[in-house]
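First the structure, in the form of structure tokens, and then the observations on it.
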Amino acid sequence: MTMSSALDITRAVNPPRAVFTDFPLGHTAGKPFDRRLQRQIMIEALSAFETMGQPGSIKMLPFEWDADHSWKHAGAGKGDTRQARTEEPQYQTEEDKAAAQEGRLAEECIVCSNWSPGSEAPRSTG
Amino acid sequence: MAEAPVEYIASITRQYARLGYKPYGWVYNTDTPPWQPVKKPLAQSRVALIASGGIYRRGQVAFHFKDDTSFRLIPTEVRTEDLRTAHFAYDQTDARREPNVVFPIDTLRGLVHEGFIGALTEHAFTFMGGIYSARRVREDLAPALTSRLVAERADLALLVPV
């Protein structure tokens, strides 16, 4: 089951099962701190496992982000800003970077990526 | 009155043309998708969460932005306050305040507690979905994730893109 907030892209990719919520990108599973809404969306998504019978089905959920839909006209779909991209990890905070560098020496790093004990070292991506 | 969903493909295609970029290679799958029947009731099913919003746990290596096809194993017992994001293609403001909007871990833990679903796999799986090579996703990332799902005996996979 894939959740989605981009209906046209989900239609193009055509996964076996999908549920669509018409929210701004970055909120596929609900609004921040709205536990009740998050739970409702998730129950709808998981319930579809038991009700869908056709490959390629998309269940449309009724939830609305706001009454006037102004978010759809406020730079939605801005997408790619083409900043220079490198293989440097992009930490949320400097503190995360320090924590990860300690973690590299510990077992923690086994869960960093698809690194396995047989390989020489974690890849640059972690 | 509901408005039509945003047309992201058309919008991004126009934007690329305006900026003089090469057209983006959208994935169009026109065959009938593969279908695996659901074998158990939800209340007995082990659910695997897979999220593409660039979520990592404090202490893990963050994602980079150049076709990063690596993924992270996030223990599903993780403390929510230890979750971070690294992604270039969506507004992370809310995800960083409240990770459940893109990584619904508390939501799912709550539904396990209620008995609505049976359990979660030991780990959730996360990657940074801004990968321009569909081939690398198909040939590298997807098979690696699939083998993890099998190893952790997932009954159901729940994908949360951004």
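The chains referred to below are lettered A, B, ... by the order of the sequence lines, with proteins before strands, and numbering in each begins at 1.
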Non-hydrogen atoms of [X] and [Y] that approach each other most closely:
{"X": "A6(A)", "Y": "Y8(B)", "answer": "CB-CD1, 3.7 Å"}
{"X": "P33(B)", "Y": "G56(A)", "answer": "CG-N, 3.6 Å"}
{"X": "V6(B)", "Y": "K72(A)", "answer": "CG2-CG, 3.8 Å"}
{"X": "P161(B)", "Y": "T2(A)", "answer": "CD-OG1, 3.6 Å"}
{"X": "P89(A)", "Y": "A62(B)", "answer": "CB-O, 3.4 Å"}

Check: [X] side chain, [Y] main-chain N or O, donor-acceptor pair, under 3.5 Å:
{"X": "E50(A)", "Y": "L42(B)", "value": "yes"}
{"X": "Q90(A)", "Y": "H64(B)", "value": "no"}
{"X": "D94(B)", "Y": "P32(A)", "value": "no"}
{"X": "T28(A)", "Y": "V160(B)", "value": "no"}

Applying side-chain contact (heavy atoms from CB on, under 4.5 Å) to N14(A) and T30(B), what does each step give before you reach the verdict? CA-CA 7 Å; N14(A) 196 19; T30(B) 51; over 6 Å; no

I9(B), part contacting chain A, at a heavy-atom distance under 4.5 Å: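 Answer is both: backbone and side chain atoms of I9(B) are under 4.5 Å from chain A.
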
Once you round to the nearest 0.5 Å, how far does [atom1] of [X] lie from [atom2] of [Y]?
{"X": "F116(B)", "Y": "S47(A)", "atom1": "CZ", "atom2": "OG", "result": "3.5 Å"}
{"X": "Y90(B)", "Y": "L25(A)", "atom1": "OH", "atom2": "CG", "result": "10.5 Å"}
{"X": "L158(B)", "Y": "F49(A)", "atom1": "CG", "atom2": "CZ", "result": "6.0 Å"}

Group every Ile, Leu, Val, Met, Phe, Trp and Tyr by side-chain heavy-atom contacts under 4.5 Å, then state whether [X] and [Y] land in the same group.
{"X": "L19(B)", "Y": "W26(B)", "result": "yes"}
{"X": "V101(B)", "Y": "F33(A)", "result": "no"}
{"X": "I9(A)", "Y": "Y21(B)", "result": "yes"}
{"X": "I117(B)", "Y": "V78(B)", "result": "yes"}
{"X": "I58(A)", "Y": "L156(B)", "result": "no"}

Q92(A) and Y56(B): side-chain contact (heavy atoms from CB on, under 4.5 Å), yes or no, with the steps? CA-CA 10 Å; Q92(A) 183 172 325; Y56(B) 64 99; 3.5 Å; yes

Looking at chain A, which one of [options] has the largest number of heavy-atom pairs inside 4.5 Å, strictly under?
{"options": "P5(B), P104(B), P99(B), G110(B)", "result": "P5(B)"}
{"options": "T85(B), V102(B), D67(B)", "result": "T85(B)"}
{"options": "F125(B), Y28(B), F103(B), Y24(B)", "result": "Y28(B)"}
{"options": "L108(B), T32(B), D91(B)", "result": "L108(B)"}

Would you say that I41(A) contacts T107(B) through its side chain, given a criterion of any heavy-atom pair below 4.5 Å between the two side chains?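 Not in contact.
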
Does R39(A) form a salt bridge (charged side-chain N to carboxylate O under 4.0 Å, His left out) with E114(B)? I'd like the steps, not just the answer. CA-CA 11 Å; R39(A) 179 178 175 278; E114(B) 288 182 39; 2.7 Å; yes

Relative to chain B, which segment of L7(A) carries a heavy atom at a distance below 4.5 Å: side chain, backbone, both, or neither?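 The answer is the side chain of L7(A).
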
Among the listed options [options], the residue most often paired with chain B at heavy-atom distances under 4.5 Å:
{"options": "K31(A), M1(A), Q54(A)", "value": "M1(A)"}
{"options": "M52(A), K97(A), R11(A), E95(A)", "value": "E95(A)"}
{"options": "D22(A), D96(A), V13(A)", "value": "D96(A)"}
{"options": "R17(A), M42(A), M3(A)", "value": "R17(A)"}

Pairing of K66(B) and E88(A) as salt bridge, 4.0 angstrom limit: no

State plainly whether the residues R35(A) and D106(B) are in salt-bridge range, i.e. N to O under 4.0 Å. yes

Restricting to salt bridge (charged side-chain N to carboxylate O under 4.0 Å, His left out), what partner residues turn up for R138(B), sequence neighbours left out? none

E64(A) and E3(B): CA distance, side-chain angles, deciding distance, side-chain contact (heavy atoms from CB on, under 4.5 Å) verdict: CA-CA 10 Å; E64(A) 293 195 345; E3(B) 276 191 33; over 6 Å; no

Just checking, R85(A) and F88(B): is the charged tip under 6.0 Å from the six-membered ring centre and within 45° of the axis? yes

Judged by modelled atom types alone, do Y91(A) and R58(B) share a side-chain donor-acceptor pair under 3.5 Å?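 R58(B) and Y91(A) do not have a side-chain donor-acceptor pair below 3.5 Å.
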
Look at atom CZ of R97(B) and say whether more than 12 heavy atoms of other residues, nucleotides or ligands are closer to it than 6.0 Å.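 Enclosed.
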
Suppose we screen for side-chain contact (heavy atoms from CB on, under 4.5 Å). Which residues come up paired with A10(B), at least two apart in sequence or across chains? E7(B), R14(B)

